[in-house]
S.K.: 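Below you'll find the structure I mean.
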There are 4 protein chains.
Amino acid sequence: MSTAKSSLAAQRAGAPDKREAIVAAALDLFRHYGYRRTSMEDIARAASVAKGTLYLYFESKDQLFEAICRSLADELARALAEADARTLPLEEKLLALMEAKMGFVYDLIFSSPHASELIESTRQLPSAPFEEVTAMFHDAVLRLVRQGVRNGELDPKRAGLTEKEAAETLIAAAIGAEKAADETTFRKQLRSIVRLTLRGLRP
Amino acid sequence: MSTAKSSLAAQRAGAPDKREAIVAAALDLFRHYGYRRTSMEDIARAASVAKGTLYLYFESKDQLFEAICRSLADELARALAEADARTLPLEEKLLALMEAKMGFVYDLIFSSPHASELIESTRQLPSAPFEEVTAMFHDAVLRLVRQGVRNGELDPKRAGLTEKEAAETLIAAAIGAEKAADETTFRKQLRSIVRLTLRGLRP
Amino acid sequence: MSTAKSSLAAQRAGAPDKREAIVAAALDLFRHYGYRRTSMEDIARAASVAKGTLYLYFESKDQLFEAICRSLADELARALAEADARTLPLEEKLLALMEAKMGFVYDLIFSSPHASELIESTRQLPSAPFEEVTAMFHDAVLRLVRQGVRNGELDPKRAGLTEKEAAETLIAAAIGAEKAADETTFRKQLRSIVRLTLRGLRP
Amino acid sequence: MSTAKSSLAAQRAGAPDKREAIVAAALDLFRHYGYRRTSMEDIARAASVAKGTLYLYFESKDQLFEAICRSLADELARALAEADARTLPLEEKLLALMEAKMGFVYDLIFSSPHASELIESTRQLPSAPFEEVTAMFHDAVLRLVRQGVRNGELDPKRAGLTEKEAAETLIAAAIGAEKAADETTFRKQLRSIVRLTLRGLRP
DNA sequence: CATGAATGAGGCTTCATTCAT
DNA sequence: GATGAATGAAGCCTCATTCAT
């Protein structure tokens, strides 16, 4: 990711490269081996630092994990904001948002056999960072639904749903795609889910 | 401690009471505290047996976990078979199947804060037992879709999907409901998802 | 200490020998190397048990230490009670009490270069056990002083002290002997201190 | 951080300020938190220098501790010399010496809950500095006893002691006062001990 | 001289598993 | 079969010390 940037300035400021290296190494290991099967020793080795160095940047294994989650949440927020900024037809726009959100989860997390452990820990320790970006996502979908209603493209009432319920249902259904076994399946299922649920909301 | 207890019948069958007690205790603890935070000591205490006894019935903690999964898979299979045997209108029947499957996962597993850890472990260790019942479930939904097509109630082609793809999409979408925060939400979302996706498959 | 006593009964009761072995090993090591320079590993090795076994008998290093202090306090209490029970002339009786108390401290604790660390820790963690026996000791000396006054052997008022102050002063002065460099010096100094202070209290 | 500070004079002498600051900070921390609970990091922070700087002035944590002891020993030597120089009646003079010695220990060291740890370390690492001043103290008391004998105020033989033994006993008894729980008690007990032991040495 | 990031040995504790009774 | 005391590998974390800047 960061290739040629270890300028003197960066070095002076507490070697942020090292922090990044630790986060990267830890994320990689957590994804491949799970939280509990990854020891601080492993992380240190993977990041090419000494065990003690980890504790210069993170107070504990848990806090390192939390930092990773925050970092992931930030990245997800960026991807979502980008998708939200695009101007596209309804279905395309919804798909873009869904792909940003679910694809992120799928790619970075559920791609690993220990993803759910990551996600799980997410619920216990550092829920905050993810809650924020999740709220942002729900809001974007709700706005899209409202716009569709105004355009006459959608009519949630026909399906017995309020606008908000419709948005929540669209999201809930799309979440199912995260569990796809491979990326191709994931994209296909996500597209199908979006198409079917949108068709179900048509006037 | 326990010298002359348990009936002869129980004795003959290898004291199945004890094995069941262990499984029940372990399931309970795993659900409440997660796999890694539950020690064999805890399980033994909860099952009112000695630690060593656990190893008379299960080779290791992992194998105990696998046994739990098998037990859960059996229970799920029973619930699914029951739902599949009922005669109901298309939407009701699909909802019954979905509730059997997703509701089971939701109730028994996702209801706990450590559910995903359980599920995750599922993927690593004992995928087999769940794969079988999952295949059974997919088959039931596919049969339902085919029947709907024959009845003229569904037309996957209109949505650009084969019958099999339609079934997979219905399932994938419904899976999203598992993540609901509470049971009421779960049931509402599952119903909405089923309704919307089915509407999307109408001719 | 306990040579031939590991009867089956003893074994069954949680192998108290082992607990004693641990306490003995730990006391020895603490005395020779100090609390912080003695690792649980060292203690385990000296007691011929595995590291984990220590935690079957004591919750933590600190609690092991506290147990040692309690054990010492009990031993001291026994020695004091024994001395207090003897019938002797005033000076001899006082000396017997002092030797029981100061000698105990001297022998078991101050004999080691890390004694004060033991004592110090004593003040922080488990002061209770020692406080009790200390109170018992002060009480015994005070009773002795009062008896001396009744007998006409002592007259604290001549030195401007109440009976209680006289007792406290006798004790305080005797404490100084604990710091003697070797046992011979200790006994000689204690005797001299007792004699001089008692002479100072004569009518 | 500190670029252009400290006067040229200070610079020339090797910045003695800094060395003193370190010693002062370390003494303070050792007294409040004990040797092992005080990290080099803590000392550096309290002295407002970098951790590495400590090692420019002291080879190790132990040597820093030794330096502190030497510094304390010097201070004690000054106090003793001052008391020894005064012209006072026997009891007053002895009390002055005792207060200088025991009071110093009491104030600077036993005043802290970790005092004995300090004292203990004293015995291991840097006994030398304290031995010298201790010898000086014993010598002063011995001279005082001899002078008392010449004056006819004291007669150790009556108590069965040589002059040297009498001096050692006076000191040993006074040491007990160091353990007083508070300064008022300390002063009272020291005075009582001196009075009683001196009375015991009277002709 | 001064800095403080980096090091890594070493400490305490947990827990899955074994085995003598 | 049943027990639970014992084991010891492995984990997380601390901190005295070093060294490049």
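In the text below, chain A, chain B and the rest are named by the order of the sequence lines, each starting its count at 1. Excluded from the calculations below are hydrogen atoms, water molecules and symmetry mates; all remaining heavy atoms, backbone and side chain alike, are included.
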S.K.: Between C:Ser39 and A:Ala50, who's closer to the 5' end of DNA chain E by nearest nucleotide?
M.R.: A:Ala50

S.K.: Find the runs of at least 3 consecutive base pairs, i with j, i+1 with j-1 and so on, that include DNA chain F, using Watson-Crick or G-U wobble geometry with both distances under 3.5 Å.
M.R.: E:2-21 with F:2-21

S.K.: Any side-chain heavy-atom pair from A:Val23 and A:Phe58 closer than 4.5 angstrom?
M.R.: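 When only atoms from C-beta onward are counted, A:Phe58 and A:Val23 do touch, with a gap below 4.5 Å.
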
S.K.: Determine the contact category for D:Thr53: base if any of its heavy atoms lies under 4.0 Å from a base atom, sugar-phosphate if only primed atoms, P, OP1 or OP2 are that close, otherwise nothing.
M.R.: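 Since a base atom lies under 4.0 Å of D:Thr53, the category is base.
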
S.K.: What's the CG-P distance between A:Leu29 and F:dC12, to the nearest Å?
M.R.: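 Rounded to the whole Å, the gap is 12 Å.
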
S.K.: Could you label the plane-to-plane angle of the A:Tyr35 and A:Phe30 rings as parallel, tilted or perpendicular, counting under 30° as parallel and over 60° as perpendicular?
M.R.: tilted

S.K.: Restricting to non-hydrogen atoms, name the atom on D:Leu54 and the atom on D:Met40 that form the minimum distance, rounded to 0.1 Å.
M.R.: CD1-O, 3.3 Å

S.K.: Please state how far atom CZ in D:Arg37 lies from atom C1' in F:dA16, giving the value in whole angstrom units.
M.R.: 18 Å

S.K.: Consider the side chain of A:Tyr57, meaning its heavy atoms from C-beta on, and name the nucleotide among F:dT7, F:dG11, E:dA6 that approaches it most closely.
M.R.: E:dA6

S.K.: I'd like a list of close polar pairs between nucleotides 17-19 of chain E and the protein, N/O only, cut-off under 3.5 Å.
M.R.:
{"from": "E:dT17", "atom 1": "OP2", "to": "B:Tyr55", "atom 2": "OH", "distance (Å)": "3.1"}
{"from": "E:dT17", "atom 1": "OP2", "to": "B:Lys61", "atom 2": "N", "distance (Å)": "2.9"}
{"from": "E:dT17", "atom 1": "O4", "to": "B:Lys51", "atom 2": "NZ", "distance (Å)": "3.1"}

S.K.: How long is the line joining CG of D:Leu56 and P of F:dT21, in whole Å?
M.R.: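 Spelled out: CG on D:Leu56 to P on F:dT21 is 18 Å.
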
S.K.: Tell me the closest heavy-atom pair linking A:Tyr55 and A:Ser60, and the distance in Å.
M.R.: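 The pair with the smallest heavy-atom distance is CE2-CA, 4.0 Å.
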
S.K.: Testing the 3.5 Å rule here: is there a donor-acceptor pair between the side chains of C:Ser39 and C:Asp42?
M.R.: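 Note: C:Ser39 and C:Asp42 side chains meet the donor-acceptor criterion.
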
S.K.: Which nucleotide wins on minimum distance to the side chain of D:Val49, given the candidates F:dT7, E:dA6, E:dT3?
M.R.: E:dT3

S.K.: Side chains of D:Leu27 and D:Arg31: closer than 4.5 Å at any heavy-atom pair?
M.R.: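 Yes. Closest side-chain heavy atoms under 4.5 Å.
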
S.K.: Roughly how many Å is it from CD1 in A:Ile43 to P in F:dG11, rounded to a whole number?
M.R.: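 Going from A:Ile43 (CD1) to F:dG11 (P), I get 11 Å.
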
S.K.: Counting only heavy atoms not in D:Glu59, do more than 12 fall under 6.0 Å of its CD?
M.R.: no

S.K.: Let me know the distance between CG of C:Asp42 and P of E:dG10, rounded to the nearest Å.
M.R.: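 The distance from CG of C:Asp42 to P of E:dG10 comes to 11 Å, rounded to the nearest Å.
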
S.K.: Could you work out, with side chain to side chain donor-acceptor pair (under 3.5 Å) as the rule, every residue matching D:Glu41, not counting sequence neighbours?
M.R.: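 For D:Glu41 the side chain to side chain donor-acceptor pair (under 3.5 Å) partners, ignoring immediate neighbours, are D:Lys51.
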
S.K.: Separation of B:Tyr33 atom OH from E:dC15 atom C1', in whole Å?
M.R.: 18 Å

S.K.: Would you kindly give the CZ-to-C1' distance between A:Arg45 and F:dG11, to the nearest whole Å?
M.R.: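 That distance rounds to 13 Å.
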
S.K.: Atom CG of C:Leu64 and atom C1' of E:dT13: how far apart are they, to the nearest Å?
M.R.: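 About 14 Å, once rounded to whole Å.
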
S.K.: Report yes if some heavy atom in the side chain of D:Val49 is under 4.5 Å from a heavy atom in the side chain of D:Leu56; otherwise report no.
M.R.: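 Of all side-chain heavy-atom pairs linking D:Leu56 with D:Val49, none is under 4.5 Å.
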
